[in-house]
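This report refers to the structure that appears directly beneath it.
Just follow the structure's listing: the first ligand is 1, and inside any ligand the first atom is 1.
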Amino acid sequence: MARVLKETESRKLLGRLRDAMASDLAGQARLDLITHLIVDSMGTEVCSIYLFRDEETLELCATEGLKPEAVHQTRMRLGEGLVGRVARKGKIINTADAPSTKGFRYMPETGEEIYSSFLGVPVQRLGDMLGVLVVQSKEARSYSADEIYALEVVAMVLAEMTELGAFVGEGAALSARHQQSMVIRGTTAQEGTASGHVWLHEPRVVVANPIADDPQREINRLTEAVEQLRVGVDKMLEMNQNGDNEQLQVLEAYRMFANSKGWMRRMEQGIGRGLSAEAAVEKEQSAAWARMGQVTDQYLRERLADLDNLSNRLLRILTGQGDDTGAEMPADPILIARNIGPGDLLEYGRQLKGIVLEQGSVGSHAAIVARALAIPLVVHAERITTEALNGDHILVDGDGGLVHLRPDETVAKSFRDKISMQAQAQQRYASIRHKPTVTRDGHRIGLNMNAGLMVDLPSLDGSGAEGVGLFRTELQFLIRNQMPRRTELAQLYARVLDAAGGKRVVFRTLDIGSDKVLPYMKATDEPNPALGWRAIRVGLDKPGVMRMQLQALLRGAHGRPLTIMFPFIAQFEEYKAARDEVEKTVARERRLGHVLPETLEVGAMLETPSMAFAPQKFFDDVGFLSIGGNDLKQFFFAADRENERVRRRYDTLNLSFLGLIERIVERCAISDTPLSFCGEDAGRPVEALCLAAIGIRTLSMRSASIGPVKNLLVRSDLGEVRKIIADVRHRGEMSVRPAVMDWLRQQG
Ligand code: PEP
Ligand code: MG
């Protein structure tokens, strides 16, 4: 007859587990001892520990009660049998009649057919499934809530011990966690390849002592820490009263959890069973992770994530492990984080070789900054923060959206080859850096770079760009916590012009809204933000900020030539109104006695198909035009540029889209309006070549693309490409890509 495990006995069991951990037994002997202790304490007949052999396979690693010869022989795939189901779902199975329970699989080598009851609990730590702990008995009975809880506590301690490497060693049950190589598939947010070593943005708090003897002392520690946490949260709330809604919502959720009696009670219950305060916090945190894996409701998931963050704070208070864990950043750091804000990322700056985020998104502010810094970035890399340890070797394949963690030598070697080939190509590009870009048939193409932050400017010279064709001024607004002041901005624009050393810089006025929401501006809830109140629409409706920015630009130029461009102009009137604002601002500055720019060019971005059909007067009046291909394409094909499912579906080299660009080229030619193209496609060599072939004479792209684009252009004959395009059109095909690629291959 099984015994009901009371709190005191449960504590006794944990005490014995701790002794097992402290002993100098080898890994396997420890596991064996643990199964023995559990059988003994719970008065059950079988206790078994199954751990993951690899991502898909569980292995019986120790047992008391089943046939010993089955150890390391019995294996099951994730989801297979009752054990596999516990691991797959992360949920307990408690049954009095195992053989008739759905999913049961008979394993003859274990001799388990004589056992009727089965209780399996997942061994997991913060979303990381490590194995399954099982007790079984002959008597047909369901285990009580008390017994389940006791076993969960043991499973929690087992998880901690696994994490601390307690079962690794000679003849050990499993190869050490965090030593196997693995590939994680994510999504590309910035191309490029990098090899380096892991640097965790928020290193995991290590709980070195999951078991404690003196529950009262642990409860006091917990109470004090929670009190400190509450005070901290209240302070944050006070400081952020004027923050945006989302931030307030998070802080309110923090406050709710910090004051939650249920949360406190569950943690105290864990302590009552023999856990230390920090292990009790982590037990609840793991439970939140497990729930996160099950709920699909976005709101609930966010709240569970809040609880997770709050638990981390509490753990830091309890363990005294601040953000500074004393670890030293490697010389070639690859940053790993669940998510990161643009400000934090900028602080790391160019020293990072790569970035891998568990969450994040292609259009996030962090991605914008990573792009500006030209650091390869992979987002949606599942489990990376639980799998990676500080100092692990890691390869980031930003082109394929892949991450190789602790790669084996063959992968590392092929990666080294790839990087060295890229380096050789870079050298080739460097040799043509300062030569003008003239195609074989004599067309001169201007190549500029896109920028948005001061850190971009050093690449101006190194990349061979002739100027900055697009300076996205909103980035400066996005990375701050409050609206920058006019003097600050004027100084910044002056520094940008200084750094450009006389080369032309096209300052695009604020392009906010849609995916770019300022953290300190009230967010408007729009059904479709990309088609909503954004860019120049905000600028004209609320002209205060635009006027301030125009003043800052005029003052920053301080007598030097200045170029201003308005984003997202969808009809002529908008351009006229924006231009009027510039004129008014100039007049005001003149009245105030400020130095005016030597020359002032004002132009617009062409990002909506409507403008290809604008009155000719628009083309006559506008100082210059730059095609924002990213937006123009998303509106032309009605395919959201941020939506992974559709964004790659429509080819830029589709003849319909090229036809639209040709139309714009022709209309500009009539009025001699300078035209450039500054979307991402400008930086893709084949796309750039086709754009040049249909008459685009200036391209603006990220600085790293200038070399590859120039390298292809100087070796190409645009007349031949034009002919290929005409042939494809004649044949009635959709995209010119296959034909152009064939031709390029023939050219070698
Ligand atoms: C574009 O739309 O192509 C563009 C260059 O602007 P952004 O990517 O900043 O919207
Ligand atoms: Mg745009």
Counting heavy atoms only, which part of [X] comes closer than 4.0 Å to ligand 1: side chain, backbone, both or neither?
{"X": "Arg472", "result": "side chain"}
{"X": "Arg508", "result": "side chain"}
{"X": "Leu470", "result": "side chain"}

Of all the atoms in ligand 1, which lie at a distance below 4.0 Å from a heavy atom belonging to [X]?
{"X": "Gly679", "result": "3 (O)"}
{"X": "Asp631", "result": "1 (C), 2 (O), 3 (O), 10 (O)"}
{"X": "Gly628", "result": "1 (C), 2 (O), 3 (O)"}

Suppose we only count N/O/S atoms under 2.8 Å; would Glu607 qualify as near the Mg ion (ligand 2)?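 Short answer: yes, at least one N, O or S atom is under the cut-off.
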Side-chain donor or acceptor of Ser716 paired with backbone N/O of Leu712 under 3.5 Å: yes
Classify the ring geometry between Phe657 and Phe637 as parallel (under 30°), tilted (30 to 60°) or perpendicular (over 60°).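 Tilted, since the angle between the ring planes falls between 30° and 60°.
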Identity of the N, O or S atom of Asp631 lying closest to the Mg ion (ligand 2): OD2
Tyr348 versus Leu373: any side-chain heavy-atom pair under 4.5 Å? no
Check the pair Lys503 / Glu466 against salt bridge (charged side-chain N to carboxylate O under 4.0 Å, His left out), numbers first and verdict last. CA-CA 7 Å; Lys503 290 181 174 167; Glu466 292 163 47; over 6 Å; no
Please write down residue, atom name and distance for the protein heavy atom closest to atom 10 (O) of ligand 1. Arg641 NH1, 2.9 Å
Which residue and non-hydrogen atom of the protein lie closest to atom 3 (O) of ligand 1, and at what distance in Å? Asn630 N, 2.7 Å
Best match, Glu607, Met701, Gln634, Met605: closest heavy atom to atom 2 (O) of ligand 1: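 Comparing heavy atoms across Glu607, Met701, Gln634, Met605, the nearest one to atom 2 (O) of ligand 1 lies in Glu607.
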Glu680 heavy atom under 4.0 Å from ligand 1: no
Can you see whether Ser626 engages Ser676 through a side-chain donor-acceptor pair at a distance of less than 3.5 angstrom? yes
Do Ser735 and Asn654 meet the criterion of a side-chain donor-acceptor pair at a distance under 3.5 Å? no
Would Cys678 count as a polar contact of ligand 1, with the cut-off being nitrogen or oxygen pairs under 3.5 Å?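 Checking ligand 1 against Cys678, no N or O pair falls under 3.5 Å apart.
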Distance (rounded to the nearest 0.5 Å) between Glu680 CD and Arg641 CZ: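 Atom-to-atom, Glu680:CD and Arg641:CZ are 7.5 Å apart.
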Counting only heavy atoms not in Gln426, do more than 12 fall under 6.0 Å of its CD?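 Counting neighbours around CD of Gln426, more than 12 heavy atoms of other residues, nucleotides or ligands fall under 6.0 Å, so yes.
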Can you confirm whether more than 12 heavy atoms, excluding those of Arg485, are under 6.0 Å from its CZ atom?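 Open.
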